[in-house]
Amino acid sequence: MNTGQKIKEGDWFCAIEGLAIADKIYDFYFEEFDKIPQDNKVGDYKMSVVQYRLFCDFDGNPVKRNRVKISNAEYVSPITPKYDRILKKSIKENSKEYAPFVKLSKTPKEVKGHVVVKYALAENDKGEVAQNLNAIRENLHPKFTFMDFVKVAQEGQCVINMNNVLDGTVNAQRYVRIYLVYKFRDSLGKRILFNDLDFEIKGGRL
């Protein structure tokens, strides 16, 4: 785990919304589609994400809906003695709420995420890009890395320049936004394993 040893799986902690327990922690590493900071390279640690269950707010009032959350680990902190006392009191006073909360951990929720990559397009590429990306989707394995995606695109002679990922779209007259979908914890080494893709073609300035 690369979260600076703030918390580990199974720890109670202070989330943005209240007091929670960490179910899973996922580490992410820089890949070719990232804007990689100076002095970093592909494969270096990028960030950690915490999947957690929220039990109560900071006043001890139980949260009854949408308990499963995802957060950048930078935005959480270890539980303090003050909030540990509030948590224990809340659990004691709200045992009927705590029982289903514990049960929720035995039926973990599948959480999905996505990476967005953007490429500039020529005006006359719009129709061909849609055909290219639909063909790529059909030729990809059920799980694939970003470099698998690039390889299939290049082999299919896709009109998109895969080496020209856009940082922004302000200066792009026309571009395609590609969503690469994954399930958390699906990975191959330090690379995300994606299982689907979607896309939308945009024109004009944002």
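For the ring pair (Phe, Tyr, Trp, His ring centres under 6.0 Å) with Trp12, the qualifying choice from Tyr83, Phe101, Tyr52 is Phe101, the only one to do so. With Ile136 as the fixed residue, the side-chain contact (heavy atoms from CB on, under 4.5 Å) test singles out one of Ile178, Val152, Ile160: Val152.
For the pair Pro62 and Tyr98, the minimum side-chain heavy-atom distance is 4.5 Å or more. Proximity of Leu193 to Phe144: side-chain heavy atoms (C-beta onward) are nowhere separated by under 4.5 Å. At a threshold of 4.5 Å between non-hydrogen side-chain atoms, the residues Tyr75 and Ile16 count as touching.
When hydrophobic clusters are built by joining Ile, Leu, Val, Met, Phe, Trp and Tyr residues whose side-chain heavy atoms come closer than 4.5 Å, directly or via intermediates, Phe30 is not grouped with Val115. Both Ile192 and Val165 are part of a single hydrophobic cluster, where members link through side-chain heavy atoms under 4.5 Å apart. Side-chain heavy atoms closer than 4.5 Å link hydrophobic residues (I, L, V, M, F, W, Y) into clusters, and following such links, even through other members, never connects Ile91 to Val63.
Taking 4.0 Å as the cut-off between side-chain N and carboxylate O, Lys151 and Asp148 do not count as a salt-bridged pair. Under the 4.0 Å criterion applied to side-chain N and carboxylate O atoms, Arg67 and Glu97 are assigned as salt-bridge partners.
Atom-to-atom distance recorded for Lys41:NZ and Asp39:CG is 10.5 Å, nearest 0.5 angstrom. Here the straight-line distance linking atom CD of Glu138 with atom CG of Leu140 works out to 10.0 Å at 0.5 Å rounding. Rounding to the nearest 0.5 Å places OG of Ser77 at 9.0 Å from CZ of Phe13. Distance check, rounded to the nearest 0.5 Å: NZ of Lys202 to CG of Leu121 gives 13.0 Å. Taken from CG in Asp34 to NZ in Lys46, the straight-line distance is 3.5 Å, to the nearest 0.5 Å.
In terms of heavy-atom proximity, Lys69 sits nearest to Leu54 at CE-CD2, 4.4 Å. Nearest approach of Leu87 to Cys56, heavy atoms of both residues: CD1-SG, 4.3 Å. Between Cys14 and Pro78, the closest heavy-atom pair is SG-O, 4.1 Å. Closest of all the heavy-atom pairs between Cys158 and Asn132 is CA-OD1, 3.4 Å. Among all heavy-atom pairs drawn from Ala22 and Val50, the shortest one is CB-CG1, 4.0 Å. Counting all heavy atoms, side chain and backbone alike, Tyr26 lies closest to Gln51 at OH-OE1, 2.5 Å.
No side-chain N or O of Glu200 forms a donor-acceptor pair with one of Tyr175 less than 3.5 Å apart.
In this structure, Arg191 is not positioned above the aromatic face of Phe146 in the sense of NZ or CZ being under 6.0 Å from the six-membered ring centre and within 45° of the axis.
Asp84 contributes no side-chain N or O that, together with a main-chain N or O of Thr80, makes up a donor-acceptor pair within less than 3.5 Å. No donor-acceptor pair under 3.5 Å is formed between the side chain of Asp11 and the backbone N or O of Ile7. In terms of modelled atom types and a separation under 3.5 Å, the side chain of Glu32 and the main chain of Val42 share no donor-acceptor contact. Proximity of a side-chain donor or acceptor of Asn40 to a complementary backbone N or O of Asp44 within less than 3.5 Å is not detected. At distances below 3.5 Å, not a single donor-acceptor pair connects side-chain atoms of Arg137 with backbone N or O atoms of Asp196.
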Mind running ring pair (Phe, Tyr, Trp, His ring centres under 6.0 Å) on Tyr45 and Phe28 for me, showing each step along the way?
-> CA-CA 6 Å; Tyr45 170 76; Phe28 290 87; 9.4 Å; no
Could you walk me through whether Met147 and Glu31 pass side-chain contact (heavy atoms from CB on, under 4.5 Å), step by step?
-> CA-CA 9 Å; Met147 294 311 294; Glu31 299 196 41; over 6 Å; no
Kindly determine whether Val176 and Lys118 satisfy side-chain contact (heavy atoms from CB on, under 4.5 Å), including the steps that lead there.
-> CA-CA 6 Å; Val176 59; Lys118 300 178 287 288; over 6 Å; no
Yes or no on side-chain contact (heavy atoms from CB on, under 4.5 Å) for Asp59 and Ile86, after CA distance, side-chain angles and deciding distance?
-> CA-CA 7 Å; Asp59 293 320; Ile86 291 174; over 6 Å; no
Assess whether side-chain contact (heavy atoms from CB on, under 4.5 Å) is satisfied between Met162 and Phe149, documenting all intermediate values.
-> CA-CA 10 Å; Met162 292 292 170; Phe149 165 71; 4.0 Å; yes
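Between Phe199 and Tyr179, the ring centre distance reaches or exceeds 6.0 Å.
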Let me check something: any side-chain donor-acceptor pairs from residues 180-188 under 3.5 Å, sequence neighbours excluded? List them with distances.
from	atom 1	to	atom 2	distance (Å)
Lys183	NZ	Glu110	OE2	3.4
Arg185	NH2	Glu9	OE2	2.7
Arg185	NH2	Ile25	O	3.4
Asp186	OD2	Lys143	NZ	3.3

